[in-house]
There are 2 protein chains.
Amino acid sequence: MRVDLVVCAITARALRVVLWRREEAPELGAWSLPGGFVADERESLRHAAERLMAERTGLTASFLEQLFTFGDPGSDPRGPFVSVTYLAVVAGAPKPRDCEFHDARKAPRLAFHHGDVLKMGVDRLRTKTEYSTVPLRFLEEPFTLSEVQNVYEVLLQRELDKRNFRRKFLALDALEETNELRREGAHRPARLYKTSPKKPDLLKEKGILFPF
Amino acid sequence: MRVDLVVCAITARALRVVLWRREEAPELGAWSLPGGFVADERESLRHAAERLMAERTGLTASFLEQLFTFGDPGSDPRGPFVSVTYLAVVAGAPKPRDCEFHDARKAPRLAFHHGDVLKMGVDRLRTKTEYSTVPLRFLEEPFTLSEVQNVYEVLLQRELDKRNFRRKFLALDALEETNELRREGAHRPARLYKTSPKKPDLLKEKGILFPF
DNA sequence: CCAAAAGTGTTGGCGTTACACCCATGG
DNA sequence: CCATGGGTGTAACGCCAACACTTTTGG
């Protein structure tokens with residue numbers, strides 16, 4: 001049983017995913033997603049996902065969620081594998097080890113079923129952006145509201161109105177104001193925020209969403 | 001590798017799920033979900049789900065979707081299984097073979113992790129009710145608008161306004177009007193509808209949802 | 001004093017909700 | 001003619017989207 005990962009980060013106003021160049025046949029030299037095998041019958045799937053993420057990329061996920069389980073034996077030339085896929089979000093702009101971040105919209109053709117997995121991961125992320133605070137996981141704490149808005153704009157692929165975004169996002173009550181300011185560059189310093197400790201990602205309470 | 005099923009139907013204004021009484025240890029006599037093992041490495045997960053559904057309940061799903069893959073070896077006393085779970089919807093009010101429909105809100109305690117699976121299935125169904133036409137799969141075609149409204153009311157667990165429901169649901173353009181009428185009982189006959197052939201279940205087009 | 005990003009309120013339009021009566025039929 | 005569920009339109013309200021200027025800082 002395999003675990004395959006869609007590992008996402010946001011840098012330079014674009015969504016990036018970790019790709020990996022295959023070093024053996026079949027599809028030698030093709031791009032693929034990082035992944036590997038569950039160690040043995042005693043390892044949980046989630047543990048395998050965390051372990052493989054560390055082993056393959058050297059990164060730690062700030063959000064990790066099961067995506068889908070592919071179990072169509074004929075679809076992989078390497079053998080009749082079941083592939084459990086995970087979506088991972090990484091905070092900040094780290095450097096992965098032994099692999100590269102690619103712009104999610106300009107990803108090359110991927111080996112095996114990995115193109116489908118990537119699409120499913122990115123779609124899920126974009127959908128969640130509309131009704132959850134998962135996008136906050138792309139940021140290192142503390143962060144500014146402008147940084148939050150930037151993450152949402154990248155994921156939703158459109159610009160948002162600053163005043164509306166701030167009013168609406170603060171109303172979610174998902175953030176905690178700090179007294180610190182970030183001063184950088186020749187302009188007014190920005191107030192810093194942290195995620196509120198005991199708030200879930202889901203916003204089903206009031207059907208709150210982001211249809212700006 | 002196991003496949004376990006949450007099989008749902010709606011009868012007598014309540015959501016029902018198929019439960020199965022275990023006939024062997026451990027948990028002999030306890031209620032559980034229908035399921036079984038994937039036949040061999042050549043059988044796809046979806047095929048296994050369809051096959052086990054037929055074998056265990058004698059029913060055919062009008063909607064079948066993968067739910068989640070449970071892979072925590074310590075959680076099942078029978079062994080270190082991976083359990084791929086599916087959500088199934090059955091149209092009409094059929095009689096399952098060798099098992100029983102229970103009211104989803106009054107389900108007894110279930111064996112193993114099946115309580116979690118049931119909750120996950122019912123939650124998913126209720127969530128999908130708000131932004132998809134999956135609930136139509138509970139109906140045999142052709143159906144009346146009142147029957148559609150009844151299904152949505154059962155799933156959303158509240159009453160909906162008849163005029164608003166009709167206007168909004170017809171605007172989805174997910175139904176096809178037929179010229180037939182259903183005449184039953186001492187009242188005006190109801191117009192019959194079918195699902196529109198080429199409409200997807202998802203209504204992401206216009207962010208349409210059901211916050212009545 | 002200039003540039004650059006942070007921060008802040010109000011209004012009009014549209015979509016949602018609330019609401020009551022007539023219609024067609026069988027018995 | 002009576003009971004039963006089918007079928008239909010409008011008006012008030014609230015929420016969403018659009019919009020521009022002041023503040024604070026570094027250089």
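Keep in mind the model is a prediction, meaning the values are calculated, not measured. Residue numbers start from 1 in every chain, and the chains themselves are labelled A, B, ... in the order their sequence lines are given, proteins ahead of strands.
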Requested in this report: Report the residue (A:Glu184 or A:Arg167) whose heavy-atom-nearest nucleotide on DNA chain D is the more 5′ of the two.
Outcome: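 The residue mapped nearer the 5' terminus is A:Arg167.
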Between the protein and nucleotides 21-25 of chain C, which nitrogen or oxygen pairs are less than 3.5 angstrom apart?
from	atom 1	to	atom 2	distance (Å)
C:dC23	O4'	B:Arg188	NH1	3.4
C:dA24	N3	B:Arg188	N	2.9
C:dT25	O2	B:Ala186	O	3.1
C:dT25	O2	B:His187	N	3.1

Round to the nearest Å and state the distance from [X] atom [atom1] to [N] atom [atom2].
X	N	atom1	atom2	result
A:Arg13	C:dA5	CZ	C1'	14 Å
A:Phe169	C:dT8	CZ	P	16 Å
B:Asp161	D:dG7	CG	P	15 Å
A:Asn150	C:dA5	CG	P	12 Å
B:Leu170	D:dG7	CG	P	10 Å
B:Leu160	C:dT16	CG	P	14 Å
B:Phe165	C:dC19	CZ	P	20 Å
A:Arg163	D:dC21	CZ	P	10 Å

Query raised in the report: Is there a side-chain polar atom (N or O) of A:Ser146 under 4.0 Å from OP1 or OP2 of C:dA6?
Result: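 Looking at the OP1 and OP2 atoms of C:dA6, one of them is under 4.0 Å from a side-chain N or O of A:Ser146.
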Query raised in the report: Centre of B:Trp31's six-membered ring, under 6.0 Å away, within 45 degrees of the axis: is that where NZ or CZ of B:Arg21 sits?
Result: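 Cation-pi check for B:Arg21 and B:Trp31: passes.
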Query raised in the report: Is NZ or CZ of B:Arg137 both nearer than 6.0 Å to the six-membered ring centre of B:Phe63 and within 45° of the ring axis?
Result: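 Not flagged: B:Arg137 not positioned over aromatic ring of B:Phe63.
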Query raised in the report: Does a sphere of radius 6.0 Å around CZ in A:Arg13 hold more than 12 heavy atoms from other residues, nucleotides or ligands, not counting ones at 6.0 Å or beyond?
Result: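 Atom CZ in A:Arg13 is crowded, with more than 12 foreign heavy atoms closer than 6.0 Å.
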Query raised in the report: Aromatic ring centroids of A:Phe81 and A:Phe70 under 6.0 Å?
Result: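 They do not qualify: ring centres at least 6.0 Å apart.
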Report task. Among D:dG7, D:dT10, D:dC19, find the nucleotide with the atom closest to the side chain of A:Asn164. Result ->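 Output: D:dC19.
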Query - Of A:Leu175, A:Thr178, A:Leu136, the residue whose pairing with A:Lys194 passes side chain to side chain contact (heavy atoms under 4.5 Å, CB included) - result: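 Only one of A:Leu175, A:Thr178, A:Leu136 forms a side chain to side chain contact (heavy atoms under 4.5 Å, CB included) with A:Lys194, namely A:Thr178.
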Requested in this report: Give me the ring orientation class for B:Phe169 and B:Phe165: parallel if the planes are under 30° apart, tilted from 30 to 60°, perpendicular past 60°.
Outcome: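 Answer is parallel, since the angle falls under 30°.
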Query raised in the report: For the side chain of A:Arg166 and the base of C:dA6, is some donor closer than 3.5 Å to an acceptor across the two?
Result: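 No, the side chain and the base share no sub-3.5 Å donor-acceptor pair.
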Query raised in the report: Just by distance, do the side chain of A:Ser62 and the backbone of A:Val89 share a donor-acceptor pair under 3.5 Å?
Result: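 The answer is yes, because a donor-acceptor pair under 3.5 Å joins these two groups.
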